[in-house]
Structures are given as C-alpha cells and as structure tokens.
Visitor: 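One structure coming up, written as structure tokens, with questions to follow.
We name chains A, B, ... by the order of the sequence lines, and we start the count at 1 in each one.
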Amino acid sequence: MSVRCKSALLLGLALVVTAPPAALSHAAIMEAEVTQAIRLHAFYETGEPMSQAQVFIYAPDDPAQVWGQGIADMQGRYEFIPDAIAGRWSVQVRQAGHGVMAHLDIGADAPVMTISSTPDTWAQRALMVALVAWGALGTALFARSRKGKQDASA
Amino acid sequence: MHKIASLAAAFCIMAPALHADSLTLFASGEDLATAGFTAPKLTRDGWELEFSRILVNFDQITAWQSNPPFMADGPEISGDALVFSGPVIVDLIDADEDDRVELATMPAAPGHYNALSWALVPAASGEIEGYSLVLEGVARKEGQEVDFTLRSADAVMHACGEYLGDTRKGFVTEDSAGDLEMTFHLDHLFGRADKGAEDETNVAALGFDRFATGGVHDFSFGDLHVGHVGEGHCYVSSM
C-alpha cells in the first residue's frame, strides 16, 4: 500500500471516529408485527350504547385479579391487546348498578366467545357485549436512517 | 331472633375469619336496606323508607363451578355443585359494615364458583310463616309518617351467573377461602326518585303510594327481578 493510500485510509478512519455524535444518533427503527386485539361493544337491546361504562379485564393466569381496566367510549366501545397468554379472558362491563360478563377463550385455534349474561327481561332491554378478536398491526414502529447515505429501511 | 340464631347454628356459621378450602355465603340488601330510602334516593313516588327488619326465607342454595360459565340464560345450571342446606331466614338489616349478612360457610373444593342458584320460598313455620319476604319499617312523606309491614308469599327460583362487583368472587384455593353474595336490589321494588320517571326501573317498580295507608299489605313480585348476584343477573322463574 502506497503512502498516499495509507494517508487516505487513516484520514477516512479519523473522520469516522471523530464524526459528531449527533450524526450517529438519529436512529429510527421500524418493526411491525401482527397481533390480536379484542374489541368489545357494549350496548342495550334498544341500541343505546353503554356510554362510558366501566370495563374490567381478567387474564387466564390470574383470573381473580384485574388485569386491566378502563372506560368505554361514548359508543360503548373499548379495545385492548391481551398478553400472549392462552386461556379464558373475561370482561366485565358495568354501568348504573348493572353489569354484564363475557368470556373469550384464546388458544391455538380461533378464539371462542361466550357472550354476556341475560338481561333483566322486565326492563325489556339487554346489556350486550360483543367481543371481536381481530388481527391488528403492532405498535412497535420506528424508522431508521443513516446520515450521509440517506438510506431508510422499514 | 332466637329462632333465626338457631337456624344460623344449623348452617354451621363460623367465625368471621374465612378458612381456606371453604366458601361463605352472604346476603345483602345493600345500602337501600340498611340506610333505607333517603334523599335523594327516595322511592319513585317520593317516600322516605326506614326499615326495621327485612326478613327473607332462602332455600335450595347451591354454588356451582360451571364450565363453560353459566350465563343466566335459562333455569338450569350444570357443573360441580356445592349444596348449602336450608331453609334459612335472614334479616337483611342485621348486616355488617359492608351491608352483608353471613348465611353459612361450607367446606369447598378448590376452583371458581361462578354460578349460584337459590330460591325464595314461603316459610313453613315461624314468625314469617307463609311468606318468603317481609319488610317492616316506617315511611315518611310530606309530614306524613306511617308504620308498614309488606309481605310477599311468592316462591321464586333464581339461577344466577357470576357475581359482578368491585371484586371478582367465588375463588377457592387450598390457601384461601371464597365467598359469594345474593343481592337484593330494592330499587326494583320501590323505584328511585333520583333516576327520573322515565327510567326503566321506575316504570316497572311498585313504588310506595299503594301502601301509603300503612299497616300490613301483601304484594307480589310479578315480573320484578329483585334478586341479583352483585350487579350480575339471574334467570328468575316461579316455583
């Protein structure tokens, strides 16, 4: 290797080593995965939604303890992504002194749903909970690019 | 009261501390029983009710481990049954700080007791002989005050799903006891003024105006479903 080449190589190495940290810190990473989300829709037989009903979720590995909880939206809808635990997931939806329960058995096969408790028939309305398991894009999304090459991979 | 105590002894009521491998049954009329109907929670027709006693005659109480879970969509429950002998009369006013009255504790196999069946039946003897539910107390409205005794002789079977409430109930393990509750929603009987006249509960409720003369009145539940498991529902059928 000639002296000129060696000098050029050393200069290149020096440039890499001494590049400002900021030039190497704009690392954006994208990952994507298909996962399973549960969407529930709580409504009365009249079609009136259970707006802002309380939602309590129980996981198969600890069914006595609340795994997650929240408030349904104005349309009585609520979504959550269960942990990768096979078994029976249970959901309680409660409002105004009444409640309804639904179960979702998740395993190797397609999920099996057991829909909610029967209504108070005298009231001629029902508390219904429909559970839908659907594939959803994961939320771990980033983007990566390298300064200089302007190369983005996704 | 002595008769109620003796029936309680026959049910093997234990000390308040629950024992592992056991299931304890409670009954509750909630705060509408123990505190009564007070403003703003008056009856749908504006009465304040103060109860001195609410006597209920339970029978055929069975806790179930059902799989798949029973959804209170019919009269029959299938699964592993834990039978509590009866009948037993309970005063829903004689409650603890959580508005609950303890009925009985039984040794129980581990698992999740996620269904409960029970009957209200007329008592065969005793002070409420011939009646399944007796409510006694004082009613007040616009300066008027009347003593009342309301009695029902209805025989009603309840097939209830899982207890729904702030805590999920019915779990028995080798290390911990479980409990279940039969809950009476008295607002289904009398309605609630703070819920508005068009509320479904108020439309169907009896209210108190029909009893305003005071004294003794007999009534029927009709299509009213007073029995629940917490906020959970029961399939109700006449016996």
Visitor: Should the pair B:H188 and B:H185 be assigned to parallel (<30°), tilted (30 to 60°) or perpendicular (>60°) ring geometry?
Guide: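 Rings of B:H188 and B:H185: perpendicular, over 60°.
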
Visitor: Side-chain donor-acceptor pair under 3.5 Å between B:T201 and B:D199, yes or no?
Guide: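 Yes, side-chain donor-acceptor contact under 3.5 Å.
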
Visitor: Measure B:H112 against the heavy atoms of chain A and call it side chain, backbone, both or neither at under 4.5 Å.
Guide: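 For B:H112, there is no contact with chain A at all, as no heavy atom is under 4.5 Å.
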
Visitor: For B:N114, which atoms come within 4.5 Å of any heavy atom of chain A: side chain, backbone, both, or neither?
Guide: neither

Visitor: Could you tell me which residues satisfy ring pair (Phe, Tyr, Trp, His ring centres under 6.0 Å) with B:F58, sequence neighbours excluded, listed by chain and number?
Guide: B:W118, B:F184

Visitor: Measure B:K169 against the heavy atoms of chain A and call it side chain, backbone, both or neither at under 4.5 Å.
Guide: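 Answer is neither: B:K169 stays 4.5 Å or more from chain A.
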
Visitor: Test your reading of the model: is there a side-chain donor-acceptor pair from B:D91 to the backbone of B:L55, 3.5 Å cut-off?
Guide: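 Side chain of B:D91 to backbone of B:L55, a donor-acceptor pair under 3.5 Å: no, none is there.
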
Visitor: Sort out for me which of B:V236, B:T167, B:D166 touches chain A most, counting heavy-atom pairs under 4.5 Å.
Guide: B:D166

Visitor: How would you list all residue pairs meeting salt bridge (Lys or Arg N to Asp or Glu O under 4.0 Å) that involve residues 31-47 of chain B, not counting sequence neighbours?
Guide: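 Every pair satisfying salt bridge (Lys or Arg N to Asp or Glu O under 4.0 Å) with a residue in residues 31-47 of chain B: B:D31-B:K41.
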
Visitor: Does any N or O in the side chain of A:S51 come within less than 3.5 Å of the main-chain N or O of A:M74, such that one atom is a donor and the other an acceptor?
Guide: yes

Visitor: Who are the side chain to side chain contact (heavy atoms under 4.5 Å, CB included) partners of B:D80, not counting sequence neighbours?
Guide: B:Q65

Visitor: With distance as the sole test, does A:R77 use its side chain to make a donor-acceptor pair with the main-chain N or O of A:R39 at under 3.5 Å?
Guide: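 No; judged by distance alone, with no hydrogens or angles, the pair does not exist.
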
Visitor: What are the residues of residues 57-67 of chain A, in order of number, with any heavy atom under 4.5 angstrom from a heavy atom of chain B?
Guide: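 When heavy atoms of chain B are the reference, residues 57-67 of chain A contributes A:Y58, A:P63, A:A64 within the under-4.5 Å range.
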
